[in-house]
Amino acid sequence: MDPNGAGTVSANIQEAEKQNEDYERAQLGITTDKQLHTGQVENEKAAGVSTPVPKTPVSPSSPHSKSSESSSDDLRKIDSKIVHVRDAPKEDEIFAHLPKHEQDVLKRQVDIPAVPVKYGTLYRYATTWDKVLLGIAAICSIGGGAALPLMTVIFGNLSGSFSDYFKGSLTQDFSSILNKYVLYFVYLAIAEFVLIYVSTVLFIYVGEHITSKVRDRYLKAILRQNIGFFDKLGAGEVTTRITADTNLVQEAISEKVALTLNGVAAFFAAFVIGFIKFWKLTLICMSTVVCIVLIMGAGGRFMGMWNKKSLAAYAIGGTVAEEVFSSIRNAVAFGTQDKLAKSYDVHLREAQRWGTRSKGMMACMIGSLLCLIFFNYGLAFWMGSRFLVSGETSLAHILTIILAVMIGAFSFGNVGPNVQHFVAGVAAASKIFATIDRLSPLDPESDAGGRLEHVEGNLELRNIKHIYPSRPEVAVMEDVSLVVPAGKTTALVGASGSGKSTVVGLVERFYDPVGGQVLLDGHDVSTLNLRWLRQQVALVQQEPVLFSLTIKENIRNGLVGSRFEHESEEEQTLRIEEAAKKANAHDFIMSLPDGYDTDVGERGFLISGGQKQRVAIARAIVSDPRILLLDEATSALDTKSEGVVQRALEVAAVGRTTIVIAHRLSTIRDADNIVVMKDGHIVEQGTHDALLESNGAYASLVAAQRLQRTHEEEVGAESADEKIAGGTEAELDRIATQKSGTSASGEIDPADKRLALGRSTSTRSISSKKLAENGKEANIKYSLWTLIKFIASFNRGEWYYMCLGLFFNIIAGAGQPVQGIFFAKAIVALSQPLEFRAQIRSNVDFWALMYLMLGFVQLISMWIQGVSLAICSERLVRRARDQAFRNFLRQDIAYFDQDENSTGALTSFLSTEATHLSALSGATLGVILSCSSTIIIAVVVSLAIGWKLALVCMCGLPIILGTGYLRFKVLAKFTATAQTAYKKSAGYACEHTNAIRTVASLTIEDRIYQSYRGQLDEQIKESLKSNLKNSTFYAASQSLMFLAIALGFWYGGTLISSGEYTLFQFFLVYSEIIFGTQSAGTVFSFAGDMSKARNAANELRKLFDRNPTIDPWSQDGEKVSTIEGHVEFRDVHFRYPTRPDVPVLRGLNISVKPGQYVALVGSSGCGKSTTIALMERFYDPLAGGVFVDGREISRLELNEYRSHIALVSQEPTLYQGTIKENILLGLGGADDSEVDDKRIIRACKEANIYDFIISLPDGFATEVGQKAALLSGGQKQRIAIARALLRNPKVLLLDEATSALDSESEKVVQAALDKAAKGRTTIAVAHRLSTIQNADCIFVIDRGVVIESGTHQELMRIKGGRYGELVSLQSLEKH
């Protein structure tokens, strides 16, 4: 309807750019707005993009000189393998080295046949009714589109009547003609409303209905797939498919189809009308359309290319940010915030460079298009006047054609952005349908295969060769034969990667072996029904997965498929409680406020590790399975929790065939048969005692974990062991819990104690009083003016670009009102009687040249303002991201502990919020200014020329502007509603598909599918309500415009007939107000973005204003030039801010002398790691204080204090870059160029890593890869130690530095740590007591206080002491 189309065109180009950008972002793994709505931020990371880091030269050194301090040759050889990561070859090539039958077995497990998807395929799940409704919707949509050009016919005819009236050539009564045409406008408005409403409602409803079926089938297909299929999927891929990708499919088959049909119908209708009216002029005007298409095509190509480069650069920057956030403690401890921020900024600058070009190109495109539009007006009037004077056509036809061609061109422009949606929808569907159509080689839903009448439980692996389909170059098992007798416990031990967990995968039939057979009671498992087989086997994994249900429902999942599945509710409840008692979980469950009806939260986060593990055991044994598989079920627990869980497992294993996998050998010494595996072979098997006597591989594994004992403790231990071997359960409990003073009813997990404690305490502790004083952060809202000033501050340096851009924006805004004057003058010139042919030609030629001039002015002003504001906008986004990143790194650790500040949330904040900010930057400000200048100039001119008509037309202003706003708001709402409606069900689906092994082993696929289906049905009903409401607004926004036009014509015609107004006055006022404000109405296309920008600015300002209690930017505090290393904790009380109800430290007192090596031991949650965190000043104690050399650390200058301390944590963190760059991070903010290579080499030698580094082809310049994937755990840990030693710390903090390593790697790293600790105050936290037995002092912590302290020997002499208890639990001596 806007003949000028100025607003529409810019809105369309921006929409096209936004669609393209969102698509590219998704491809590169950057969070998109779409993903933000679907809650699917955390799982999608930039895959395969590695940071381009400049090669650092290999440090000068004598590669083969042996350090005087270096360990023995044996030690050096251990953990020195280079991890090679292959470039992924083509699918067939990776299997090429294998025999044909092995290739077939592996391919079958991972192949996903491609499904050709055309646009029509998206409708494959449409029912007959869906197709009928789609047909009705399509007809209505086409009708709604055709109504728009029909308006030009009425407009042209009315204008012709006005002209004839002034010429005096009217044959009918003027007012009856006027009323007839005005009524046509009203009828058109009603028809448009009905057609658009019906088409929108139906398209969205059918789209949702079909997409719901796609989601339904996709989840059903996913739950049917074999585990090998999931091994090949990227992290979060299922999440992406079921959320973002199904949303893309929905957009491609719902309202976007309506919009496209609308645009296409309007395009064809417009040209049909034009050719009917007068084909010659229509053909001439079409040349402009061709130019518009060519410019859009060429400009769009460049814009897309540069945009892609900008996003690729940011994808790498986003990966850097993600690595830093996920290891924030490391960054803070070493003071590397500034270095890391600089490396992030490198990528931001690259993104800015390409982003500026892309935005500049967009401005050039819009400028060129507006220029062409004005050229088209000039051309149409110039040629139209020739045809008019020659008597070939009339003024009514000329006006109809001019408006019809412009409407046709821009309606077709509306189709452009939607094509992107169709392409994206088809691309997304091809992956979804490929999964739906994939036939799973191990289908749990299949009824094929036999079922045994009776299961004894005899398992046998016969000549097994196994290769994982995702790693075909490694054979994890070679010719393994193993018999597991029924009712006995068989334990599997060995180093990481020896093939232990593979046995579990084969028994559960998660995989098919490439050779050999797995037999159950003599039957090959491949001939048995898969679902039935898994129902005979129960699995407890190292990290058990509980679903966000109640404890009762989680345990009830274990009954699926068993003979108890259809029992009554009461019988099942009794069975669940019985299983919980056996799993030692009943007591802690009953102590919870809601007992068995307590919700465990997503992935069971609301209960502790030990409690979660016991619920998982209850779930495993509730169905009384014949076979129990325990895959490192206690390795992630501390000794105390492990004791409780171990007891539960031993009870559960009685009378069943049990296979146990363990790293901690103390947990399997009672097994009937211990099988030692190495490199995919069985090297020996037998009982614990027999294997120790044979002094083979098992004995060396035991030695690696053995503790030295004094004579006295041996005697004590033997007597304790005798009691364990032959005593009653009650006696056993008394031995184990003498020190902690609990009853003899069973060992108690520390988490259970805290639970009970939390319920019984009535007096308020020091900590809780202190926390109550601290209060919560207020939710601050800033005024709009404050936020505008805040955003402007990012562009302070670009004020001259800003002024230039805004000045030319005002000029560009004046183009539309000036065009209104030319339009009215041209019509008046054409309305003269044909006798004045020369006069008509002369006048029209002049106004055509004026249009030419206006086109060039518009072109130049749009180019200048666009490029100037693109520079401002991109610099603003870069600075906002950079400052936000630095401010995040400034925050204290408590900030990162909060759920809303997870790594994914912060990374997506940087990715999306800073981008949203640009919607309130110069470019948007420019559009607002140009639209404001359009409206102001239009109103002033029209009031000056004809105030009466101007005032009446202005009554329509709210309608015209309002419909513009409504249109964009509702279109945005359609998308947002579609995305948020499915958030909950998507979360449910993702939670279960991410834990597919648990789902498969429990055989609960059908239960999950039915629940998901129910959620989808509910959501369709809900979204139908919002669909009906939103569609009303959208249809109103499309049709109300006609009424505003009708009002203008009716009142204008009345004024003309009464002789008050001339033709010039009418057309000037009419075109200024109606067309001018219509183009200005597109400013509301930015409404959605502007509200996002305001929220983003508010969040950013809140972040910038947040002053952390522990502030690394602060220079306050006493200077610390040197420290001796005397550390003291005086009556320290502490609770984590995120868990204020759980006391962690309750009056901790520790004293460490300079140069001492002290160890902190105790059960999980007793406060060991908290002590290290307080030492690093990640947190401040709530009461008491931490003192170094007699000074409280909270009074010292933070960065200087931390520079004397180094931390080596359980998970070593290395960043993308070279080994040398990673080691240099140990110096924090110091200048790398000042560091002598000898210093680096010395640190590496001390860390036992130097020989390994120089054995690499690139030495110190070796890239470590993303998340240091190219190094083993032990190698990473030793580089982390070298980094810590480079700063030559006076205090060394070791937080379980070896607990995640296997025995061999642990040996090397422990040797490095022992060397590093010499001459330094060292505080070590350890689960494995063998690593700290030589400490100068060991502090045993329980419930936040020290209960025992002394050397290993001293503590072992304490009768019934807690340390002695922990040692005996980890002991591996014969009994």
Item checked: For Gly866 against Ala363, the heavy-atom pair lying closest together -> CA-CB, 3.1 Å
Margin query: Let me confirm one number: the CG-CD1 distance from Leu283 to Ile401, rounded to the nearest 0.5 Å.
Written below: 10.5 Å
Notebook entry, point to check: Within the distance-only criterion (no hydrogens, no angle test), does the side chain of Ser942 pair as donor or acceptor with the backbone N or O of Val1069 below 3.5 angstrom?
Noted result: no
Checklist line | side-chain contact (heavy atoms from CB on, under 4.5 Å) assessment of Glu1072 paired with Ile821 | finding: CA-CA 8 Å; Glu1072 290 289 338; Ile821 297 170; 3.8 Å; yes
Margin query: Are more than 12 heavy atoms, taken from residues, nucleotides or ligands other than Phe807, located less than 6.0 Å from that residue's CZ atom?
Written below: no
Margin query: Centroid separation under 6.0 Å, is that true for the rings of Tyr1070 and Phe823?
Written below: no
Notebook entry, point to check: So Leu917 and Phe794, side-chain contact (heavy atoms from CB on, under 4.5 Å) or not? Walk me through it.
Noted result: CA-CA 11 Å; Leu917 211 58; Phe794 288 111; 4.3 Å; yes
Check: Are the aromatic rings of Phe155 and Phe1049 close, with centres under 6.0 Å apart?
Finding: yes
Notebook entry, point to check: Taking the six-membered ring of Trp847 as reference, does the NZ or CZ atom of Lys825 fall below 6.0 Å from its centre and within a 45° cone about the axis?
Noted result: no
Notebook entry, point to check: Would a distance-only check, ignoring hydrogens and angles, find a side-chain to backbone donor-acceptor pair under 3.5 Å from Gln858 to Ala812?
Noted result: yes
Check: Does any N or O in the side chain of Ser873 come within less than 3.5 Å of the main-chain N or O of Leu869, such that one atom is a donor and the other an acceptor?
Finding: no
Note to self: If you apply the rule side-chain contact (heavy atoms from CB on, under 4.5 Å), what do you find for Val941 with Leu1068, and how did you get there?
What the structure shows: CA-CA 9 Å; Val941 169; Leu1068 177 73; 4.0 Å; yes
Next item on the list: State whether the side chain of Thr934 and the backbone N or O of Gly813 hold a donor-acceptor pair below 3.5 Å, judged by distance alone.
Entry: yes
Checklist line | pair Ile196-Asn262: side-chain heavy atoms closer than 4.5 Å | finding: yes
Margin query: I want to check a possible cation-pi pair here: Lys256 against Phe422, using under 6.0 Å from ring centre and within 45° of the ring axis as the test.
Written below: no
Checklist line | Qualifying residue for salt bridge (charged side-chain N to carboxylate O under 4.0 Å, His left out) with Glu874, from Arg353, Lys359, Arg357 | finding: Lys359
Notebook entry, point to check: Above 12 or not: heavy atoms from other molecules or residues under 6.0 Å from CH2 of Trp354?
Noted result: yes
Next item on the list: Please examine the side chains of Ile284 and Phe387, heavy atoms only from C-beta on, and report whether any two atoms are closer than 4.5 Å.
Entry: yes
Next item on the list: Go through the steps to decide whether Phe185 and Leu1043 satisfy the test side-chain contact (heavy atoms from CB on, under 4.5 Å), and finish with yes or no.
Entry: CA-CA 7 Å; Phe185 271 121; Leu1043 299 178; over 6 Å; no
Checklist line | Ring centres under 6.0 angstrom apart (Phe822, Tyr377) | finding: no
Margin query: Less than 4.5 Å apart, side chain to side chain, heavy atoms only: is that true for Lys280 and Thr393?
Written below: no
Next item on the list: Using side chain to side chain contact (heavy atoms under 4.5 Å, CB included) as the criterion, point out the one residue from Phe1067, Phe1064, Phe1066 that pairs with Val828.
Entry: Phe1064
Item checked: Main-chain N/O of Ser358 paired to Asn307 side chain as donor or acceptor, under 3.5 Å -> no
Next item on the list: Give, for atom CD1 of Ile871 and atom CG of Leu804, the distance between the pair rounded to the nearest 0.5 Å.
Entry: 9.5 Å
Item checked: Heavy-atom pair of closest approach, residues Met862 and Gly367 -> CB-CA, 3.4 Å
Note to self: Looking at every heavy atom in both Thr152 and Thr400, which two are closest together, and how far apart are they?
What the structure shows: O-OG1, 3.4 Å
Note to self: With a 3.5 Å distance limit and no angle check, can you tell me whether Trp382 reaches the backbone of Asp845 through a side-chain donor-acceptor pair?
What the structure shows: no
Checklist line | Heavy-atom pair with the smallest gap, counting every atom of Leu281 and Gly384 | finding: CD1-N, 4.0 Å
Checklist line | Flag for Glu350-Tyr314: side-chain donor and acceptor within less than 3.5 Å | finding: no
Check: What's the spacing between Met296 CE and Leu369 CG if we round to 0.5 Å?
Finding: 6.0 Å
Check: Is there a side-chain contact between Val257 and Tyr119, using heavy atoms and a 4.5 Å cut-off?
Finding: yes
Item checked: Whether Ser861 side chain and Val857 backbone form a donor-acceptor pair below 3.5 Å -> yes
Margin query: Quick check: closest heavy atoms across Ser368 and Ile295, and the distance to 0.1 Å?
Written below: CB-CD1, 3.8 Å
Checklist line | Within-4.5 Å side-chain heavy-atom neighbours: Leu806 and Ile810 | finding: no
Margin query: Is the shortest side-chain heavy-atom distance between Ser287 and Leu379 below 4.5 Å?
Written below: yes
Note to self: Does any part of the side chain of Ser159, heavy atoms only, come nearer than 4.5 Å to the side chain of Ile827, both counted from C-beta?
What the structure shows: no
Notebook entry, point to check: Does Phe275 CZ have over 12 foreign heavy atoms under 6.0 Å away?
Noted result: yes
Notebook entry, point to check: Centroid-to-centroid, Phe856 to Phe375, below 6.0 Å?
Noted result: yes
Notebook entry, point to check: Trp799 versus Cys803: any side-chain heavy-atom pair under 4.5 Å?
Noted result: yes
Next item on the list: Kindly compute the distance separating CD (Glu192) from CE (Met151), expressed to the nearest 0.5 Å.
Entry: 10.0 Å
Next item on the list: Quick one: closest heavy-atom pair of Ala258 and Ser199, and the distance?
Entry: CB-OG, 4.4 Å
Check: Going by distance alone, is a donor N or O of one side chain under 3.5 Å from an acceptor N or O of the other, for Ser1031 and Thr200?
Finding: no
Notebook entry, point to check: Rounded to the nearest 0.5 Å, how far does CD1 of Ile1073 lie from CD1 of Ile935?
Noted result: 9.5 Å
Item checked: Distance (rounded to the nearest 0.5 Å) between Ile398 CD1 and Phe278 CZ -> 8.0 Å
Margin query: Could you check, using the six-membered ring where one of them is a Trp, whether Phe302 and Trp306 have ring centers closer than 6.0 angstrom?
Written below: yes
